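Computed from a prediction, not measured in an experiment: that's the story for all the values here. Worth knowing before you read on, the calculation uses all heavy atoms, side chains too, and leaves out hydrogens, waters and symmetry mates.
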Amino acid sequence: MITARSSAELQKFSLDAQKMHVKSVAVDGEDARFTLAKKKLQISPASSVAPNHVMRINVRYDVDPRSSGASGWVDTGKGFALAPQPDKAHTVFPCNDVPWDKADFTFRVSIPAAVMPLP
């Protein structure tokens with residue numbers, strides 16, 4: 001889930017995203033139209049977004065790091081690690097991937113017990 005504030009009225013907007021299989025996009029809980037071309041995920045919300053509105057963007061996607069050719073993924077032999085800095089985050093998750101436009105992130109990760117057994 002991405003929480004973002006619009007700086008102007010928006011009929012559409014984009015996020016940086018590369019070689020992802022996007023299944024669905026919702027803005028404020030409503031399905032949005034989307035296209036993924038080159039490195040941009042173009043999103044058209046069901047209704048325009050008002051200026052200064054805090055919106056919640058939910059992008060359901062998956063990516064296969066073995067076939068993505070994305071340099072943000074590092075094969076560890078037992079799985080994958082992430083090293084998407086300074087400008088490869090868009091190969092891991094949809095975002096505004098420019099180093100000079102900072103954003104806060106919170107990650108919640110679930111790992112199957114068979115992959116990472118707890119002590």
Side-chain angles (χ1 to χ4, degrees):
M1 172 93 63
I2 299 168
T3 303
R5 182 182 305 275
S6 60
S7 58
E9 182 174 348
L10 302 173
Q11 302 294 323
K12 62 182 178 177
F13 59 92
S14 67
L15 296 171
D16 297 321
Q18 182 178 358
K19 298 188 179 185
M20 295 177 188
H21 176 244
V22 178
K23 299 174 184 178
S24 65
V25 177
V27 177
D28 291 335
E30 295 186 50
D31 289 342
R33 291 186 320 247
F34 64 91
T35 59
L36 183 60
K38 298 185 182 181
K39 297 180 181 181
K40 291 291 183 182
L41 175 60
Q42 299 285 339
I43 301 170
S44 298
S47 55
S48 65
V49 177
N52 206 34
H53 175 70
V54 176
M55 61 183 148
R56 296 195 178 8
I57 307 156
N58 191 5
V59 181
R60 290 188 62 236
Y61 72 98
D62 59 40
V63 61
D64 183 349
R66 294 166 293 205
S67 64
S68 72
S71 62
W73 297 89
V74 179
D75 188 348
T76 66
K78 292 184 178 182
F80 294 90
L82 303 175
Q85 63 277 35
D87 65 351
K88 294 295 180 196
H90 67 282
T91 67
V92 179
F93 52 88
C95 60
N96 183 28
D97 196 8
V98 290
W100 56 86
D101 190 6
K102 306 294 184 199
D104 294 327
F105 291 90
T106 301
F107 292 95
R108 291 179 180 83
V109 180
S110 298
I111 302 170
V115 175
M116 184 69 71
L118 296 174

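The shortest heavy-atom contact between Pro45 and Ala32 is CA-CB, 3.9 Å. The two residues Val22 and Tyr61 have their closest heavy-atom pair at CA-CB, 4.0 Å. Residues Leu15 and Pro94 share a closest heavy-atom pair of CD1-CB, 4.0 Å. Of all the heavy atoms in Ser48 and Gln11, the pair that sits closest is CB-NE2, 3.2 Å. Taking both residues in full, the closest heavy atoms of Gly29 and Ala26 are given as C-CB, 4.3 Å, listed atom of the first, atom of the second, then distance. Here the closest heavy-atom approach between residue Val92 and residue Met20 is recorded as C-CE, 3.7 Å.
Using a 4.5 Å heavy-atom threshold, the side chains of Asp28 and His53 count as touching.
Formation of a donor-acceptor pair under 3.5 Å by the Asp16 side chain with backbone atoms of His90 is not found in this model. Distance alone, capped at 3.5 Å, places no donor-acceptor pair between the Ser14 side chain and the Leu41 backbone.
Here the straight-line distance linking atom CG of Leu36 with atom CD of Gln18 works out to 9.5 Å at 0.5 Å rounding.
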Next on the checklist: As a quick check of understanding, evaluate side chain to side chain contact (heavy atoms under 4.5 Å, CB included) for Ile57 and Phe13, giving each step before the final call.
Outcome noted: CA-CA 11 Å; Ile57 307 156; Phe13 59 92; 3.7 Å; yes
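For the side chain to side chain donor-acceptor pair (under 3.5 Å) test, no residue two or more places apart in sequence or in another chain qualifies with Asn58. Not counting sequence neighbours, the partners of Arg33 by the side chain to side chain contact (heavy atoms under 4.5 Å, CB included) test are Ser44. Partners of Asp62 under the side chain to side chain contact (heavy atoms under 4.5 Å, CB included) rule, at least two apart in sequence or in another chain, are His21, Lys23.
Ile43 pairs with exactly one of Leu10, Thr35, Val27 by the side-chain contact (heavy atoms from CB on, under 4.5 Å) rule, that one being Val27.
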